[in-house]
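Working notes, structure below.
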Amino acid sequence: MPDALTRPAIDPSVYREMGLIDSEYALIVETLGREPSYTEIGMYSVMWSEHCGYKYSRPVLKLFAEYKKAQESGALENAGVVPLGDSGYGIVFKMESHNHPSAVEPYQGAATGVGGILRDIFTMGARPIANLNSLRFGPITGDDAQVTRNRYLFEHVVKGVGDYGNCVGVPTVGGEIYFHPCYNGNPLVNAMSIGVVRLDGVTTAAAAGIRNPVLYVGSATGRDGIHGATFASVELTEESEARRPNVQVGDPFTEKLLIEATLEALQTGHIVGIQDMGAAGLTCGTCEMAAKGSVGMEIDVLLVPRRETDMTPYEVMLSESQERMLAVVAQGREDEVAAIFHKWGLQAAYIGFVTDTGRVVIKEGETVAADVPAKSLADDCPTYFLDAAEPGYITRVQNADLTGLAEPDDYNAVLLKLLAAPSIASKRWVWEQYDTMVQTQTEMLPGRGDAAVLSVREAGGRRIAATTDCNPRFCYLDPFVGAQIAVAEAARNLSCVGATPKAVTDCLNFPSPEKPEGFWQFRRAVEGMAQACDALGTKVVSGNVSFYNETPEGAIYPTPTVGMVGVFDEGVTPLGQGFQSDGDLIYLLRPRAWENETGIGGSEYLSLIHGRDEGRPPRLDLAAEAAVQSVVRRAIAGDLLRSAHDCSEGGAAVALAESCLAGNKGAEVRFSVTDFATDQGDQPWSAILFGEAASRIVVSVTPGTNQEALLDLAEDAGIESVFIGQVKDNNRFDAAGLLDLPLSALRDAYENAIPRAMGEK
């Protein structure tokens, strides 16, 4: 055996520092039949980290039917695919996290998060056509040191997202931003990308063809990002700043070249399999491609293009330098494929070949640095069924008495305060930094509707809609119901623009699973999400798990972010949220069973005005939710509606105010207390105006035929259509005699909140 693989037992401190535990090291020794080399330990440590191996989450993720089927059949790919009607094209989409890197280096952490998710899309043979994101930060209003740090993180994450997407030429068309103290020191940066591909042209990541050459393409390899996957699998601490070298450095201009070169090379038909070198870098690319194809692979690290000298095999295999791909090319077609990448000014080096051994062999010239079974690295990561225990706070917050809350002295002041809350306020300061129109397929710009809408040129102009959603406060109070609400609201956003929800990608952000309370939150959220997706017909086709989102000061709220894509039926025109014409009638569509729901529990109103994150999330009847959404979609398809906007954070009053601002029209609303009575009696006005009861959509309709047709649709579906007012061309928002404000005051609160927080006038 070569000297590089003949060595005494490794000191336990070495593999423990890399994140392996004693039993895992013993399993490696048993698998190899010897002590591992230093390079092999590094390869196992990253591939058996939670970030890559899903050793804690994989058993729970089998609750997602599509994931379970793909996992058991070996069909898991880099992203999910949904057919775009009968066009012959499919939508490829996925979401991933880059939380820990963004906490220590926000600009590059966010930028490389965008770059990584784009590569997951075009490695499937799809052209990226849109990006979305879901961002979470600590509060940005105030004067203390933590707020200053939060503003810094917010500013530089947004710039990283914008710069990368703008430079690479993929529009950032939607997303969400949320602020809460639980994200102090641990921001969440979840990046989503969407691409379009011919269904008969989807590319696999499986290696195949014995002696087929292995092609390395893209940027040269450096020392940036080494052990990035391990860094993502531990909690953030005061020492995390020292992990800055674990953060990759992105180059969007190289990524743009890589997109074009890869798609052109795939058109030759000579690429057998291809994969992004993301988390775990070249280790991931070699072992996953080989394992997926049930073959082996041999490479020589001396052939790997490098930008730094004297790199060891360990460093080359674990580097997470960005903008790199690994491809298996049909033997005899090497020059033709390499010439395409060279034409685009990219590195293209043949570094090895496919074997029939089932092993990944890493050489440095004639010296063997690693020789491991591919499936051992890629598929055989040990899984653990962790203890789960309901957190002690659950009983306290769910049983909190909210019946004695004092009513506001000034409802106008409350509405303005809600509109100025950064989580609700306009995100124009953010999306104006993004190129939302590059590629000229964006039909619904940010702020115009409840979801982004794109016209897919390759599919003859067929339209799709996309959104991201999660209310972490609801998930904190009840992870099961909160995750269901996230799915329901994402679907509701799509329905409000006229699209039929089709499928989900998720980014499951949670604290440490090794603490029973954290694992309980994760398991309950996945159970809730799986049930909601089944009920609404939105299968989970891709996703990501991000654990260890906590600092010594505390854990984040459970944040199971939902990314959802919907498809428009042909002939359906997308609908916006803005009121349109004086005299249009305003209706609130909602389930019939009102019961004793106030919607105050977990509301932005309760948190902002009373300083309490307590109560239970709104009840959710998934069948009723589906019925409300169906009515709205059918009404839009029939050209009955002038606007549609879902009620979520801030309740009906905020939804109505947003529709006024989006359409620059006033509204005269005459809520009736009896329309909102529960089985416990009349609700307080705070609950009627600002409660966040589920499954509600505010729509406007012209009087007469369209109005009657809408009411008939609602009646047939068994849902309530409550008349609540009229659109007015008077530049005022007047509600129930309790709210009476000029649109200028609403606009000032809503549009200027974030610029003011960031120190702009």
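Just so it is clear, the values below take in all heavy atoms, side chains as well, and ignore hydrogens, waters and symmetry mates. Computed from a prediction, not measured in an experiment: that's the story for all the values here.
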Which residues pass the side-chain contact (heavy atoms from CB on, under 4.5 Å) test with [X], sequence neighbours left out?
X	value
V29	Y25, E35, P36
V217	L215, L258, M325, F341, A348
D200	R198

Thinking salt bridges, do [X] and [Y] make one under a 4.0 Å N-O criterion?
X	Y	value
R307	D224	yes
E50	K55	no
R34	E40	yes
K363	D300	no
D120	K94	yes

For this session: Identify, with sequence neighbours excluded, every residue that meets salt bridge (charged side-chain N to carboxylate O under 4.0 Å, His left out) alongside E336.
Result: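 Listed in chain order: R333.
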For this session: Report the relative orientation of the aromatic rings in Y152 and H156; use parallel for angles under 30°, tilted for 30 to 60°, perpendicular for over 60°.
Result: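 Y152 vs H156 ring planes: tilted.
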Exercise. Taking only residues two or more places apart in sequence or in another chain, which ones pass ring pair (Phe, Tyr, Trp, His ring centres under 6.0 Å) with H270?
Worked result: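 Residues passing ring pair (Phe, Tyr, Trp, His ring centres under 6.0 Å) with H270: none at all.
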For this session: With sequence neighbours excluded, give me every salt bridge (Lys or Arg N to Asp or Glu O under 4.0 Å) pair touching residues 252-261.
Result: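 Sorted result for residues 252-261: R119-E255, R127-E260, K256-E260.
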Just by distance, with hydrogens left out, do [X] and [Y] show a side-chain donor and acceptor under 3.5 Å apart?
X	Y	answer
D22	Y15	yes
T561	T559	no
Y548	E514	yes
N99	N509	yes
N166	D435	no
T383	Y54	no

For this session: Over all heavy atoms of both residues, which pair between P511 and E550 is shortest? Give the atoms and the distance, please.
Result: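 Shortest heavy-atom contact: CB-OE2, 3.3 Å.
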Problem set entry | Aromatic ring proximity Y56/F522, centre distance under 6.0 Å |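 No - the distance between ring centres of Y56 and F522 does not fall below the 6.0 Å cut-off.
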Problem set entry | Heavy-atom donor-acceptor pair, T31 side chain to L27 backbone, under 3.5 Å |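 The answer is yes, because a donor-acceptor pair under 3.5 Å joins these two groups.
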